[in-house]
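We count residues from 1, following the sequence as given. What you see is a predicted model, and the numbers here were worked out from it, not measured in a lab.
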Amino acid sequence: RPPSSPHVERGASFQSLRDPAFWNHVPAPYLQPLVDSCLPYEGMAYRMFALGDPNDPETPAVTIFKAPPGYVLPRHSHDCHRFEVVLEGSLTDEHGDVLTAGSIATAVPDQLYGPSVAGPDGWISAEFFSRLAGTYEITWDTKRGPLFDNRLDSTLGR
């Protein structure tokens, strides 16, 4: 086994998507409702990392999202830049394109995308958001028009 690298920052951690303990954590307690909203769905999981102060809504963030087979994520948008990499499994986008491991999807602020439909093995993706608040401030595309949803407020019943 090679010696530890002096170039690895102290406090760095190495984790695996395959470790059940990896899933369903957030960087600050106020974000816990984002995990709680996934728990009722069999096979769904969520993990968030703040790339700065987790209490600052302008901090960039990364979410790792796990969707079970057949799950449909409705058409929606975020008010920030978004960059997504499919890590495992597959999903079909609104154009009928199948995104597999290594596929990348991007969206500019307020750009609608979806629905996204999970393939036979579900999908796991990493989504990079230019602002943490963009992970929970979502605008859904509904038949009545755009519907803004603060997922923290709605999961807490506010």
Side-chain angles (χ1 to χ4, degrees), residues 7-39 41 43-69 71-95 97-119 121-141 146-155:
H7 303 291
V8 174
E9 184 177 295
R10 286 187 181 195
S13 65
F14 301 93
Q15 302 170 24
S16 172
L17 301 173
R18 290 171 183 51
D19 180 356
F22 170 84
W23 295 101
N24 299 323
H25 296 282
V26 288
Y30 80 97
L31 297 164
Q32 186 61 35
L34 300 174
V35 166
D36 296 344
S37 67
C38 292
L39 297 178
Y41 297 94
M44 188 177 291
Y46 186 87
R47 176 72 188 257
M48 180 190 283
F49 299 89
L51 303 179
D53 180 357
N55 294 301
D56 179 355
E58 299 306 314
T59 290
V62 178
T63 63
I64 312 295
F65 180 72
K66 181 179 182 180
Y71 176 79
V72 177
L73 181 60
R75 188 168 176 79
H76 67 285
S77 69
H78 304 270
D79 69 348
C80 63
H81 292 276
R82 185 189 71 90
F83 179 94
E84 179 177 11
V85 179
V86 178
L87 303 174
E88 291 185 5
S90 65
L91 64 114
T92 302
D93 71 8
E94 68 270 27
H95 306 291
D97 294 325
V98 177
L99 286 71
T100 58
S103 295
I104 294 171
T106 61
V108 297
D110 303 314
Q111 180 181 5
L112 289 166
Y113 63 96
S116 301
V117 181
D121 296 319
W123 94 76
I124 298 175
S125 66
E127 286 186 278
F128 300 78
F129 293 88
S130 62
R131 55 190 299 269
L132 190 145
T135 67
Y136 58 83
E137 295 177 348
I138 300 171
T139 299
W140 301 102
D141 187 22
L147 176 65
F148 177 77
D149 179 15
N150 181 318
R151 298 300 302 151
L152 290 179
D153 288 346
S154 59
T155 57

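Interatomic distance, Leu152 CG to Ser37 OG, rounded to the nearest 0.5 Å: 9.0 Å. A distance of 10.0 Å separates CZ in Arg75 from CG in Asp93, rounded to the nearest 0.5 Å. Expressed to the nearest 0.5 Å, how far SG of Cys80 lies from CZ of Phe128 amounts to 13.0 Å. With values rounded to the nearest 0.5 angstrom, Leu91 atom CG is found 10.0 Å from Asp97 atom CG. Leu87 CG to Trp123 CH2: the interatomic distance, rounded to the nearest 0.5 Å, is 12.0 Å.
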Validation: residues 100-108 side-chain donor-acceptor distances under 3.5 Å, sequence neighbours left out:
from   : atom 1 : to     : atom 2 : distance (Å)
Ser103 : OG     : Thr100 : N      : 3.0
Ser103 : OG     : Thr100 : O      : 2.9

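Judged by distance alone, with hydrogens and angles left aside, the side-chain atoms of Trp23 form a donor-acceptor pair with the main-chain N or O of Leu17 at under 3.5 Å. A donor-acceptor pair under 3.5 Å is absent between the side-chain atoms of Thr63 and the main chain of Phe65, judged by distance alone. In terms of modelled atom types and a separation under 3.5 Å, the side chain of Thr59 and the main chain of Gly52 share no donor-acceptor contact. Under a 3.5 Å cut-off, the side chain of Asn24 and the backbone N or O of Tyr46 do form a donor-acceptor pair.
In this pair, His76 and Tyr113 present their aromatic rings tilted. The plane angle is within the 30 to 60° band. Taking the six-membered ring where tryptophan is involved, the planes of Tyr41 and Tyr71 are perpendicular, since the angle between them exceeds 60° and thus also 30°.
When every heavy atom of Glu127 is checked against every heavy atom of Arg82, the shortest pair comes out as OE2-NH1, 2.9 Å. Here the closest non-hydrogen pair linking Thr139 and Pro146 is CG2-CB, 3.7 Å. Between Tyr30 and Pro54, the closest heavy-atom pair is OH-O, 2.8 Å. Considering all non-hydrogen atoms of both residues, Gly43 and Lys66 come closest at O-CG, 3.7 Å.
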Show your reasoning for whether side-chain contact (heavy atoms from CB on, under 4.5 Å) applies to Phe22 and Ile64. CA-CA 10 Å; Phe22 170 84; Ile64 312 295; 4.0 Å; yes
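By the side chain to side chain contact (heavy atoms under 4.5 Å, CB included) test, Asp110 pairs with Asp79, sequence neighbours left out. Contacts of Phe129 classified as ring pair (Phe, Tyr, Trp, His ring centres under 6.0 Å), with partners at least two apart in sequence or in another chain: His78. Evaluation of the side chain to side chain contact (heavy atoms under 4.5 Å, CB included) rule for Pro57 yields Ala133, Tyr136 as partners, not counting sequence neighbours. For Leu51, the side chain to side chain contact (heavy atoms under 4.5 Å, CB included) partners at least two apart in sequence or on another chain are Pro60, Val62.
The closest side-chain heavy-atom distance from Pro68 to Met44 is below 4.5 Å. With contacts defined as side-chain heavy-atom distances shorter than 4.5 Å, the pair Arg151/Pro33 does not qualify.
Contacts classified as salt bridge (Lys or Arg N to Asp or Glu O under 4.0 Å) and involving residues 48-60 (residues at least two apart or in different chains) are given here: Glu58-Arg131.
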